[in-house]
Amino acid sequence: MVTLDEVLGSGLLQKPSGDAPEALQRQITNYKPLHTFKLEKTRPYQQQYADIYFLRLTKIRPAVEAAASVAWEGTVLGGEKVKRVERVLDVRQGELCWVAGTVYMDMPLKPSILEDVSKDRWISAPTSVGHYYSGNGEDSVMLEDDSGRIRLVGNALQNHFMVTGCIVAVMGTENANGEFEVIDLLFAELPPQPERWSLSKGKKEADSSEDVEMMDASFSGQSHKPSSKKIALVSGLEFSNADTSYAMELNLLLEYLLGEALDPSVQRDELSHITRLIIAGNSISTTAAEQAKPAAAFDTTTVTNKFQSQNKKYGYDSSSYNPVPSQLLDSFLSELLPTMPVTLLPGALDPANASYPQQPIHPAVFPQSRTYMPPPKAGAGKDKDAPEEEEPGWFDSVTNPWEGEIEGWRVLGTGGQNLDDVFKYVESEDRLGMMEAMCRWRCVAPTAPDTLWSYPFQEDEPFVIKECPHLFFVGCQPEFGTKVIHGPDRQAVRLIAVPSFSETREVVLVDTETLDVERVKIVAE
Amino acid sequence: MEDYKTYLAENILSEDKVVTYRLLSRALRVHPNVAKQMLHDFHKTQSSKKPGTVYATYLLYGIKKSVQNHNGNAMDIDLPSSLPDADPVDDEEVPSYTLVLVQEERLADVLKEYETISSIHVYSVGPHPAKDLTLLVDAAQSALAIKDDAKKPRPRPIVNSHVRRRERKGLGLEAAAPAKQESKTKAAPTKTAPAKPSPAPASAAAPAKPQEESKSAAPAMEPEAPTATTKKPAPSLKRNTSAASGIMQAFSKAASLPKKAKTSEKSITAAEETPAALSDDGEDDDDVPLPKPGAVSTRKSKKEREEELRRMMEDDEDEDMEETADSPAPEEEEEEEPVVEEPPAKAEVAEEEEKEIVTTTGDGRRRGKRRVMKKKQIMDDQGYLVTIQEPAWESFSEDEAPPAAKPKPKVTNSAPPAAAGKAKKPAPKGQGNIMSFFSKK
């Protein structure tokens, strides 16, 4: 317990000394983004979505079947030997077998395009429905592959998360109703994990051996090695014109990251070690035009109720355009960028495309921060851009989901839409568990394209996780959470659920050497 | 250094404002840590002299005494739906620090809640107890608005020497550098001028310089009322030089074009916000600001020209549009902006030569804005129907023409851009045609 007398007269609570302290240097981290989720600018939308499932199955099936054969080969149940069946339709009644395929969840609460069209409902944006899980027995789980589908039943299903799009291998038999009774269930498990520094070759290891002196244990009992670098993760900044309840916290966050706040000792030990900020989605919130219209007195650009209908042109109300949120975000970033590189992932509320994978936010949104981004490529960008060899911009606007390598660790991050969608399928609230499940399914967005709007991939499905990341973060979650999961092949993944700043006012700091996590909460009373 | 007391006394006591340490550090150009100490000192002395006049808020950072551990994930008890591998344990306890802003009345109470405090300092000092945080927010925002004097940059707590900025592919950096210096000093009355030319030319110079410029440019572009009009020129100028750097090399006089654009835009009182700069014609925004200042200035000078024309026509029936158009325009500008004399005249010429802005979108099409002559019929106040030829910007989109079709700086009279594009190909005009060489045989 600290009393006021103790702190008074120490540190900064004293007369100003004459000398001006010198500026601290911020270190840099090795940073190499991958462009796994970048789409071509001239991409066609003529294809069917079914190809996504086919690609996913083809990619993951070998791994699943390998795991299944290891687990079940030679198993004898009730005097019968388990056989492997090639296709779902080859399952015979009464025969004990195992088969691999894609899960399909048939839920009446799911938004169904066929229903909407038949009832002549026009949807212009993804409708946000609550849970699809009805819990009253109407939902059914099916196993599907190119040949057909079969319904799955059994108590073994309850122990696992199941969503449309995950690839499983099930063992069981067909019962009299034509349903497949599941005895055991297997996923593909974590994919092979690359070594640290696998992408950036020849990285000098000198950084970690640089520091020799150990600072005194300052406050928490942990002795921070002076050169331990940290990455700050934040999401859901939600700059908005209308909602100012967290505006002070946003200012404090800026000061915290800039290093202007706090004592010199903290600045030296902690703040100058934050080497990069990753913003994981929802930086701009929708204006309050969608809220109760009578309360629209916050902005001089919005007209009163009477005249609002006159401004509607082609269904788009131009008076509801409010540039202030993006300006606020831009000034926030332009203050921060001179001292810290920033990676920006778009989220559900950001000005990027609505379907997965979201493409990077265009530099036009940031007139001031634009100077820190790489210049637009002069010249034809007809073919797929190949900027892999270029240096990433200081301010990197990236796709959602995003994959990259920071300080040698493979990082995979999303803005939260995939997890939120998976959350709607299951009854539990264990978001970390769902993140773990996604890793084990080897698919970062299994519900695409079923309920998560997505691009119809034709040749390659990038949502399949080919190489296991070391760090997997998901932004815009209601709560903070972190866990380390392990795989059968000595893989270890740190999962982080980054909470939405507008709700919880928290920032997550990740140590780049140990992948340890800290959280900082900002309170303004 | 001692003047901080007077500054604080003035702002807090007289002007009734809340002063945060950031505001103080930027205003007095001191390190933020020093500013915090200043605030504390002022608060102490003031409170001892006259208690109750100033109220402080403190910023604390430390570890709160942990309330009981709670599960991060609320597991649903009915269905243990975790995967077989994971055991249902709590989230690991991660160290959790709290950064809290607290008023001085509550300071003692809040301190009790903390296990360890690693940092405490004064955040702000104000004349009233800070009940409402919006005052603080406003104070914080106003801290950002204080412009940076490029000559004496304020000390930054943490710098990053690795910062990379976009290379400004400006023309003739050396030539522009002295121009930049003189324009900086010249434009003391117009405070926006130094911000503008400086981002334009000298960006690819030493990294320290761009840092300063951005600092001056960035605060210069805050959405404040007085600087609203300048906001447009600033982003437009930035984009000016960054857009398709090939053009810049082609038009060496285009450097003066921003200056001209700036002066003409000042005369436009309508506070066009950045949405205007974000262009409503859906073009690739790289090329918009370049024609936009052009269009704007042509609009303005056209208006001036029209008035001059009318005046002229009343006095003297003899009219030669082009001559009178050109001369009043620089005249007008000179009257309004005595400071910048030469650049408008130069820029006028430069603008005349700037015929086409092209974006290479690489889609297989050339798009951009082209300057064409359009005829306009106006009813004179004497009842005369007058036809005037005015240059105007028109957007065009055509298939990629061979690189030989570069925009030539000559005035074309054809309205349709397709025709304008074709007109560049040497149509058999006899003299200028290479085919004439062969036809004689």
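Letters A, B, ... mirror the listed sequences (proteins, then strands); counts begin at 1.
Applying side-chain contact (heavy atoms from CB on, under 4.5 Å) to I522(A) and the options T98(B), L99(B), L59(B) leaves one that passes, L99(B).
Side-chain atoms of Y97(B) and K521(A), non-hydrogen and from C-beta on, never get closer than 4.5 Å to each other.
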Verdict with reasoning, L254(A) to R22(B), per side-chain contact (heavy atoms from CB on, under 4.5 Å): CA-CA 11 Å; L254(A) 179 61; R22(B) 279 186 100 196; 4.2 Å; yes
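The 12-atom threshold is not exceeded at CG of N155(A), counting heavy atoms of other residues, nucleotides or ligands nearer than 6.0 Å.
With a 4.5 angstrom heavy-atom cutoff, L252(A) touches chain B via backbone and side-chain atoms both. Heavy-atom distances place no part of F42(B) under 4.5 Å from chain A, backbone and side chain included.
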